[in-house]
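The structure under discussion appears below in the form of structure tokens.
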2 protein chains.
Amino acid sequence: MRIAIDAMGGDHAPQAAVDGAIAAAEEWPDTTIVLVGDTSVLEPLLQGKKLANLELRHASEMIEADDEPVKAVRRKKDASMVVAGRMVKEQEVGAMISAGNTGALMTTGLLVVGRIKGIERPALAPMLPTVDGEGILALDLGANMDATAEHLVQYAIMGSLYRSKVHGVAEPRVGLLNVGTEAMKGNELTKAAFPLLEQAPIRFIGNVESRDVLRKPCDVIVCDGFAGNIMLKSMEGAASVIFSVLKDQFMRTWYTKLAAAAVKKGLGQFRKKMDYTEHGAAPLLGINGLVLKSHGSSNGVAFKNAVRQARVALKNDLVRSISAEISNGSE
Amino acid sequence: MRIAIDAMGGDHAPQAAVDGAIAAAEEWPDTTIVLVGDTSVLEPLLQGKKLANLELRHASEMIEADDEPVKAVRRKKDASMVVAGRMVKEQEVGAMISAGNTGALMTTGLLVVGRIKGIERPALAPMLPTVDGEGILALDLGANMDATAEHLVQYAIMGSLYRSKVHGVAEPRVGLLNVGTEAMKGNELTKAAFPLLEQAPIRFIGNVESRDVLRKPCDVIVCDGFAGNIMLKSMEGAASVIFSVLKDQFMRTWYTKLAAAAVKKGLGQFRKKMDYTEHGAAPLLGINGLVLKSHGSSNGVAFKNAVRQARVALKNDLVRSISAEISNGSE
């Protein structure tokens, strides 16, 4: 199988992408990695390394972190991200990975690769960290701020298939993000979505409150992008404040500094488990091809892990499964 | 001035309400407290105490925590909460306080007391805790799940007046809960509300991200009830998980237990500061009279503090100020 990596996107581009590509090519000889970017920059970073399953593809432009997404994708036709998208569209590769501008990547998915027939809105689906270290697939987290009840149902179907095909979760439990657990709780959107989710070909377990999410009440949680963002950033904000207060407490005296040493390791492990940048790349589901968003701060290991995810998704024919399930539903 | 307390609502009813009423009556001789409830229950709790400014008002029914709000308020015409609401409506008292069923109290506000002319949706406005201990007034937090841009503007005006009249904050800064700080970020609701908030007679400081809320970027934050609930419960959930992990870490060995002792006091103070049940009663703003929701777990001190809030609001003519500002805007 063939997987393209946008070498020019992310905080540590292009070095991190090159490192990840080399590591992936060495680990999986059955997979060809295509690094897309300015070859005059990429070539020297390979340091003479020759691998039969590592290719370079030249792209003369790149999309910057602060580029306006739609404009950038439309104008920079030879940007590394756009070229990688075109390779997916033309089935020259099975998947693409980018750590670049999220909005531009979603636009590339929509405009360059294209949607699966019957999907109204593709959704970005990162893993939310949970206490047990396993995580919940949350969608939509950022592709579309507003959603209809029908969109939430499609998110639920796509998220379930991702969890079972890529993570091997049998019959993933799907929850609806809401303000209470009773069936008729919520706003107009969640009230309309609830009965549709009950009818959908998924294992719907009902409403899930945001205060319970970290305890992993379900395997997939669906929400509109606005509510999802508020949830994620509220948790991040609370955690950041608590850890900073904790640090202040520990730094007060020599005695509290000793106390800090006693629990430092355990807390560090917990923080790492709770760091959602550690939970792999987020798929853009609903696109007619596999597009993975790696975190902006991705290093070589993160890129290699994204390749691992892409391989599993390709082996298990994720995109075709989504397409089949969606066209089933619309018959 | 006269303030009614629904003596039958809350987890510790009626004892907590009676304790709070006695303490308030003793502290503020210029204020008459009217305890509303079953006098055959309340009378013995006074233990023979006679205060010139403490009255009992009989109400034969009560609204339970799990009563369906609208039905309960309509049917139980002699419930303590409804009787207190009627006293506000008929200006027999200036304010009412209840720790009972939140939905029923909002219904009492709407149906028994009534809205201020020009207000489309009353809003429940608790204080969110912040790191500095001061807090942010957040509205709407629970009265209405969905909101229009115009509702958010009314929330902003009412919240600003409450902060200045009751908390003495000069020119309170108002933020719009959103997913990014740039002006055009967000969903359809926030995009429509942003320009209206810029025009409103308030000090609008723009969008505020949920991750920054605990750092107190503003004095008032406006949002629809759904997003507000997601924000609050996400923070609660994150805090609860982190403190439970912390506890596990501290309980591991005798050495970590010693470490716990070193920071226990400081962390305890922080948790207390972050506990939103400690931040007083939440006003139901937009009602044509003062209605305060005390937390369900209120003890006597919490009821007394709610009386303190009510006194300040009455002295500063909060309701009339809101009414004047709203009718100004609609001219």
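Numbers restart at 1 for each chain; the letters A, B, ... are given by sequence-line order, proteins then strands. Atom set for the values below is all heavy atoms of this structure, side chains included, hydrogens, waters and symmetry mates excluded.
Between the CE atom of Met235(A) and the OG atom of Ser234(B) there is a distance of 4.5 Å, given to the nearest 0.5 Å. One distance of note links CG of Asn229(A) with OG of Ser210(B); it measures 6.0 Å at 0.5 Å rounding. Expressed to the nearest 0.5 Å, how far CG of Leu232(B) lies from CD1 of Ile230(A) amounts to 12.5 Å.
Looking only at distances, a side-chain donor or acceptor of Asp146(B) sits under 3.5 Å from a matching main-chain atom of Glu188(A).
Summarising the local packing, CD of Glu198(B) is surrounded by more than 12 heavy atoms from other residues, nucleotides or ligands at distances under 6.0 Å.
Only the side chain of Glu209(B) comes within less than 4.5 Å of a heavy atom of chain A; its backbone N, CA, C and O stay farther away. Asp212(A) does not touch chain B: none of its heavy atoms, backbone or side chain, sits under 4.5 Å away. With a 4.5 angstrom heavy-atom cutoff, Arg252(B) touches chain A only via side-chain atoms. The contact between Phe270(B) and chain A is made entirely by side chain atoms (from C-beta outward), counting heavy-atom distances below 4.5 Å.
Among the residues in residues 237-247 of chain A, those with a non-hydrogen atom closer than 4.5 angstrom to a non-hydrogen atom of chain B are Gly237(A), Ala238(A), Ala239(A), Ser240(A), Val241(A), Ile242(A), Phe243(A), Ser244(A), Val245(A), Leu246(A).
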Pair up each side-chain donor or acceptor in residues 172-180 of chain A with any protein partner under 3.5 Å, not counting sequence neighbours, and list the distances.
residue   : atom : partner   : partner atom : Å
Arg173(A) : NE   : Asp219(A) : OD2          : 3.1
Arg173(A) : NH1  : Pro217(A) : O            : 3.3
Arg173(A) : NH2  : Asp219(A) : OD1          : 3.2
Asn178(A) : ND2  : Lys185(A) : O            : 3.2
Asn178(A) : ND2  : Thr190(A) : OG1          : 3.2
Asn178(A) : ND2  : Asn207(A) : OD1          : 3.1

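With respect to chain B, the highest number of heavy-atom pairs below 4.5 Å among Lys233(A), Met231(A), Met145(A) belongs to Lys233(A). Between chain B and the options Gly186(A), Ala227(A), Cys223(A), heavy-atom pairs under 4.5 Å are most frequent for Gly186(A).
In this structure, Tyr255(B) and Leu258(A) have side chains that are in contact, with non-hydrogen atoms separated by less than 4.5 Å.
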